[in-house]
Amino acid sequence: MARDGTPKDTGDFSWICLRDFDFTSFCTQRSIIDTVNIFFLCAFYISLLCNLIRKNNGSDSHRKGWVCTVVSVCCALISISYFSNGLWCLISNSENFRKLRWLVYFFRGLVWVSLAVSLLVQRTKWVQVLNLVWWVSLCTLVSALNIEILFREHNIQILDLVQWPVHLSLVFCAFQILYFASQSTQNTTMLEPLLALKDENKQSKLAHANFLSKLTFSWINSLLKLGYSKPLALEDIPSLVSEDEAASAYQKFCHAWDSFLRDRSKGNSARNLVLWSISRAYLQENLLIAILALLRTISVAVSPLFLYAFVNSSKTKEKNLREGLIIVGCLIICKIIESLSQRHWFVKSRRSGMRMRSALMVAIYKKQLKLSSAARRRHSTGEIVNYIAVDAYRMGEFPWWFHTTWTSVVQLFLSIGVLFGVVGLGALPGLAPLLTCGFLNIPFAKIIQKCQSEFMVAQDERLRSTSEILNSMKIIKLQSWEEKFKTLVETLRAKEFKWLAKAQFIKAHGSFMYWMSPTIVSSVVFLGCALLRSTPLNAGTIFTILATLRTMSEPVRVIPEALSVVIQVKVSFDRLNTFLLDDELSDDVSGRNLIQNPVNSVEIQVGNFGWDPESMSPTLRDLNVEIKWGQKVAVCGPVGGGKSSLIYAILGEIPKISGTVNVGGTVAYVSQTSWIQSGTIRDNILFGKPMDNTRYEDAIKVCALDKDINAFSHGDLTEIGQRGINLSGGQKQRIQLARAVYNDADVYLLDDPFSAVDAHTATVLFYDCVMTALRKKTVLLVTHQVEFLSHVDRIIVMEGGVVTQSGCYEDLLTEGTAFEQLVNAHREAISATDQNNDLSGEFEDVINVFQPLESHGFHLSKEQTTEQISPKGQVSQLTQEEEIEIGNVGWKPFWDYIYLSKGSLLLCLILLAQVAFTGLQAASTFWLALAIEVPKVTNGILIGVYTVVSLSSAGFVWLRSIMGALLGLKASTSFFSGFNNAIFKAPMLFFDSTPVGRILTRASSDLSTLDFDIPYALTFVVGGAIDLLTIIGIMASVTWQVLIVAVPALIASKYIQGYYQASSRELMRINGTTKAPVMNFATETSLGVVTVRAFNMADRFYQNYLKLVDRDAKLFFHSNVATEWLILRIEVLQNLTLFTGALLLVLLPNGFVSPGLAGLSLSYALSLTGCQIFMSRWLCNFSNYIISIERINQFIHLPEEPPAIVESKKPPLSWPSKGRIELQNLEIRYRPNAPLVLKGITCTFKEGSRVGIVGRTGSGKSTLVSALFRLVDPARGDIIIDGISILPMGLKDLRMKLSIIPQEPTLFRGSIRTNLDPIGLYSDNEIWEALEKCQLKSTISRLPNLLDSSVNDEGDNWSVGQRQLLCLGRVILKRNKILVLDEATASVDSTTDSILQRVIRQEFAGCTVITIAHRVLSVIDSDMVMVLSNGKVVEYDEPSKLMKTNSYFSKLVAEYWSSRNKNFS
């Protein structure tokens, strides 16, 4: 065998090569290729044999492409040539025969035959992958050999030349076959039923992706292609694979959680169970992530060694081409490993985080469905939503940060090892500044963490107040408290902003230290090398040191931040652990046993219950209640007597101290405060039950909803706003009742269902619903309507948490106790009314005339009731789909960001500072590259100049960071101010049609993006772009030929980024709309959890929540995969530039490029890919972040309601002095082109008169009040008060002069004092006097904190009646001349009601009092009564005159009086 490596040894394969092994000889290299072929041949034929044994047809059914057919023919022809050569060697019996060259030819002929066969036989996916690896490996090895032959010998044999393109074609065929295989797998669904096909199309392509597709993320191509062709919609996004779904994630977590709970019960309670459960559930997948992260870390850490090898190779007098190519080859392998491992690390870590996030979100939701009453007081609705929105959401990024933390430490130590390996002891002095800079990061990180923690506390406080304000915006506008609450939010934001500003400036100082530390460390290392003489300061040493320090700087910067994130996650784990371990409701705790008793439906024996189990005085004491099957039992008593608590005791919601509770059969519950879900009316009534048309229409009819539904534009498919905001109180209560009736339960618990409806409707509901529709059911009815008590089977009287009386109506009247006082109070109220109006005789006449009219006689006609309950017309729903921008809006949001923050100058300064920084950095490295070649430049001058120039560049980066922080803070201030002003100035219609969650998402996550993310993204994009251009410029200055690849690579990167951005933009926008429904649903469930549990609907709500979580998660997942898809392709393009630059340095003649410039070029080239990825990632992030600007901007430019004060139209200070109100042809519509709600009302409310307004629900009563307070301005007509039109004047001037007690009492978190007097206008004596008049002084004076006693969220620690009394106290304090009572006493008993009516008559004797009436008693003593129907005044006169005619009002009174006579006969 020739040792010179000539091409003549192409057939050699013998012991000679093995005996005299030389890697540089062609013989040895060909032998290696043959050995590889032997291995793959064995694997290929073993796989085929296994498939034949299993008779597995696999995926061989797909059609072969013509390319594969042509290549297989070529392979066959090459094999024939090899067999011919081998045969010739055998026949000729020459020297080739003795060298066994014939065997080599025969073997290679067999290889090529096998290649031809492998092209045609692709039975299984394993065989396809095996062939891919075989063909790619063979092509790589053969190409490397042929290139070396060309460079060394400048010629090549014909057979080798022919084989080369065939090898390349084989690689092409491999990828083509794998692609068609994946298509074939997806097309197999065409053979399945149509329904299965539909489900399959919705599923992610990941489920059927092959190995190559998963490796390169090509499975997402179809989604990106669709996104490029049209704006993506939610339905275009594929669903998650089963293992990523929330149900699967929760099951894994739950299995681990239950295991740890069992261990905890044995005594080991110190551990955080949430953390350990998450760790156990997701350990396996995170081990794989750890391996990928370690591979990437090793690849990055060893990269500087390639630079060292290149520069040392270029210094040799004779260029060793083979050595250079080997270095390039190793560099390519290293970069491929780095790229693939990092991309899959990122995707898999975020995928794991998504599963953790989903598991915890579901765990929190499921926990709140089981939370006990005591635990609910410890965790408010806002806090529970915060656990989901903040703590659980953090888990999405937690695995990534966790692996980043430990890999950064590993990378740091590996880099230090590389540094010592290159420069020896000279690196030792550099450790001092490195450790110093590292330790200095720790206090920075602690300060930033403290700032962020304080910021989050302040943000929670602001969001809680914002949520409360948004939910109560109607009362705030009615009372003209916008300025007060706007100031409150701004004050809370100022606290938040203080910590935000501190954090941003600390980060700016930290960035200065980050960029200064490499300069100081490198200078000290250079100095150490010079002084210790451990290694000469040549180009190889200098640029290897710089490259190594560059790989060290990232861990030094990231470790403190990563530790900070991990600490925040630990805090979240602790919060969630506390919540998930809190008390739950269970049969043992509540004592509610579902036992079928043949006699009693509900049974409580010696029951003691307390909301606070530790309290010495129970809420309910010594309860002994028995309710037989089918009985109708009423519960009455004074406000705060324990009526609602009795229902909670039966439901098991109030902790049982002692006794037993037995409930037979299913339960339906109607709460005192209406709980309505977002959705359609139909959804609320069905409540998850299947549709039964007959039962459904019956439920609607007996709950008096048929006319209301027919009046809605979309019938029962009308969308209900959040909390039923677009429904009246009566409509919400009747929908609740219809839900209970449709549920067809055994036991009905009705908590004061008639308080929110008018007297006529209450009568209809009582007789038609309670007494008729539910005649065979057990009903427990809490009520203040004494007139219904005579019709029930039994009455329970409660006072002070004790059952004081129990029995039938007649028996209780004769006992002469509390019940008789209650009835007598009701009679006295009526008698007082009779005396005041002298109408008793007229009542009797009316009764005689209308005696045949029973309550059920006021039903709709048959024609009306049989109308189809269905959508009518195409009028838009009140609650609209969230508006999102579509398509590429270009740079408009960015310029909005700059314009609104007035940051043009700061942006220019940021650009200049970045250019200066990059220029000085480049100058310092150029100085090193050039000065090292000049013998006269001493080491001292070399290091000194470099240090000065580098440090000055760090000064510019500090300026850039400071100005970036200032720009961000200015923008945050401007956007928040604009957003806050727009919300408080928005008309009421906006809040009626916009879910609170939609506004809160902008006030929380979008504003946080504006605060933290956008300023840094902006500076990073600017810095990355300038750095990228600088790197390419430096590489081109050394080897200009690199531009041939670099420029097309940049253009291709820009195109790919644009292709990706079309989909990414829409994914982020849609993701902005999928988080809010998750939070809204959790909020709704939390508010109505008692109803959900009572109806036994927890599982249905759980399933619905799973769907919402998965919908949000699929956007998160596909968005992350799309990002890594982009970065992988950009990495490939930029690595081509790097490989080209490295190859050029190898191929250029010796001495063409100096070692210094070669080191400079390669050191920058090694950072090229990282720089491009950094810029691309931040550009994508920035493009996604500015969607938050879009979303906030939508609300900044909301239409405003009229101004609060109009100086030219200010009324006199004494206005209104009389209280005369004139309505002139008043027409109201809520939207342009919407139908009129009030239709030409003309009338006068005389000064000092009491006007009662009655009418069915939907007749326009509330709209008239809205018009008076200008919550909606008239479409036509005018409202004049004391001779002055209210339309031109400011809203504050108007509303401050009017008083109202709304139908739904609203309290705010705070104290009694702040709820009665939010603005602080009144003294304590005046407040106590008001409390005395509204019957609350005795209750509040018993509390330890008196006026400073706490009021919880929404006043839920006070009964509904007490809340209404506090609202009455507000208007008594204001003493305005005009008072509107929107059924202000609906939720109080008759005794309290009569007292309050007397107080109102006394306190507002000379005032105009307008009463929206649901009770006849409320308007009988009015001076005038207005009857509204369908937006028109049908009657307006004195009650006495209306009683003398066959009027609507007289019918209403007759019905009431008939009921009264029945009760008191």
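Heavy-atom basis, side chains included; hydrogens, waters and symmetry copies ignored.
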Task: Verdict with supporting geometry, C1407 and L1379, side-chain contact (heavy atoms from CB on, under 4.5 Å) - done: CA-CA 7 Å; C1407 303; L1379 171 64; 5.6 Å; no
Side-chain ([X]) to main-chain ([Y]) donor-acceptor, under 3.5 angstrom:
X	Y	value
N1376	M1296	yes
S472	E468	yes
T1242	N1225	yes

Closest approach of [X] and [Y], non-hydrogen atoms and distance?
X	Y	answer
G1252	S1422	N-OG, 3.6 Å
M1426	L1264	SD-CD2, 4.0 Å
S644	D751	OG-OD2, 2.8 Å
L781	P753	CD1-CD, 3.5 Å

Looking at residues at least two apart in the chain, or sitting in another chain, which of them share a side chain to side chain donor-acceptor pair (under 3.5 Å) with [X]?
X	answer
Q736	S671, Q733
T1408	none
S1311	T1314
E1329	K1333

Rounded to the nearest 0.5 Å, what's the gap from [atom1] on [X] to [atom2] on [Y]? Could you check?
X	Y	atom1	atom2	answer
F1404	K1377	CZ	NZ	11.0 Å
I1378	I1300	CD1	CD1	12.0 Å
I1284	I1279	CD1	CD1	14.5 Å
Q1224	I1241	CD	CD1	13.5 Å
Y1436	L1442	OH	CG	10.5 Å
S1299	L1373	OG	CG	10.0 Å

Please tabulate, for the side chains in residues 1213-1221, all donor-acceptor contacts under 3.5 angstrom to protein atoms that are two or more places apart in sequence or on a different chain.
from  : atom 1 : to    : atom 2 : distance (Å)
W1215 : NE1    : I1281 : O      : 2.8
R1220 : NH1    : E1247 : OE1    : 3.3

Does some side-chain heavy atom of [Y] sit less than 4.5 Å from a side-chain heavy atom of [X]?
X	Y	answer
L737	L750	yes
M1424	E1438	yes
P1274	L1287	yes
M1289	V1206	no
P1211	L1294	no

Task: Stepwise side-chain contact (heavy atoms from CB on, under 4.5 Å) test for C636 and V797 - done: CA-CA 5 Å; C636 58; V797 183; 4.0 Å; yes
TODO: Carefully, step by step, assess I1253 and I1410 under the rule side-chain contact (heavy atoms from CB on, under 4.5 Å).
DONE: CA-CA 7 Å; I1253 302 176; I1410 302 168; 3.5 Å; yes
Validation: residues 476-488 side-chain donor-acceptor distances under 3.5 Å, sequence neighbours left out:
from : atom 1 : to    : atom 2 : distance (Å)
K477 : NZ     : F984  : O      : 3.2
K477 : NZ     : A986  : O      : 3.0
K477 : NZ     : E1201 : OE2    : 2.9
Q479 : OE1    : K1374 : NZ     : 3.2
E482 : OE2    : R1295 : NH1    : 3.4
K484 : NZ     : P1318 : O      : 3.3
K486 : NZ     : E490  : OE2    : 3.3
K486 : NZ     : N981  : OD1    : 3.0
T487 : OG1    : E483  : O      : 2.7

Open item on the list: Applying side chain to side chain contact (heavy atoms under 4.5 Å, CB included), can you list everything that pairs with V1272, at least two apart in sequence or on another chain?
Closed with: I1228, Y1230, S1266
Task: Pairs where residues 1270-1294 contributes a residue and the test side-chain hydrogen bond (donor to acceptor under 3.5 Å, both in side chains) is met, not counting sequence neighbours - done: K1210-D1293, R1270-D1273, D1278-S1285
Task: Which residues share a salt bridge (charged side-chain N to carboxylate O under 4.0 Å, His left out) with R1313, sequence neighbours left out - done: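 Salt bridge (charged side-chain N to carboxylate O under 4.0 Å, His left out) list for R1313, sorted by chain: D1324, D1348.
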Task: Worked verdict on V635 versus T783 for side-chain contact (heavy atoms from CB on, under 4.5 Å) - done: CA-CA 6 Å; V635 183; T783 184; over 6 Å; no
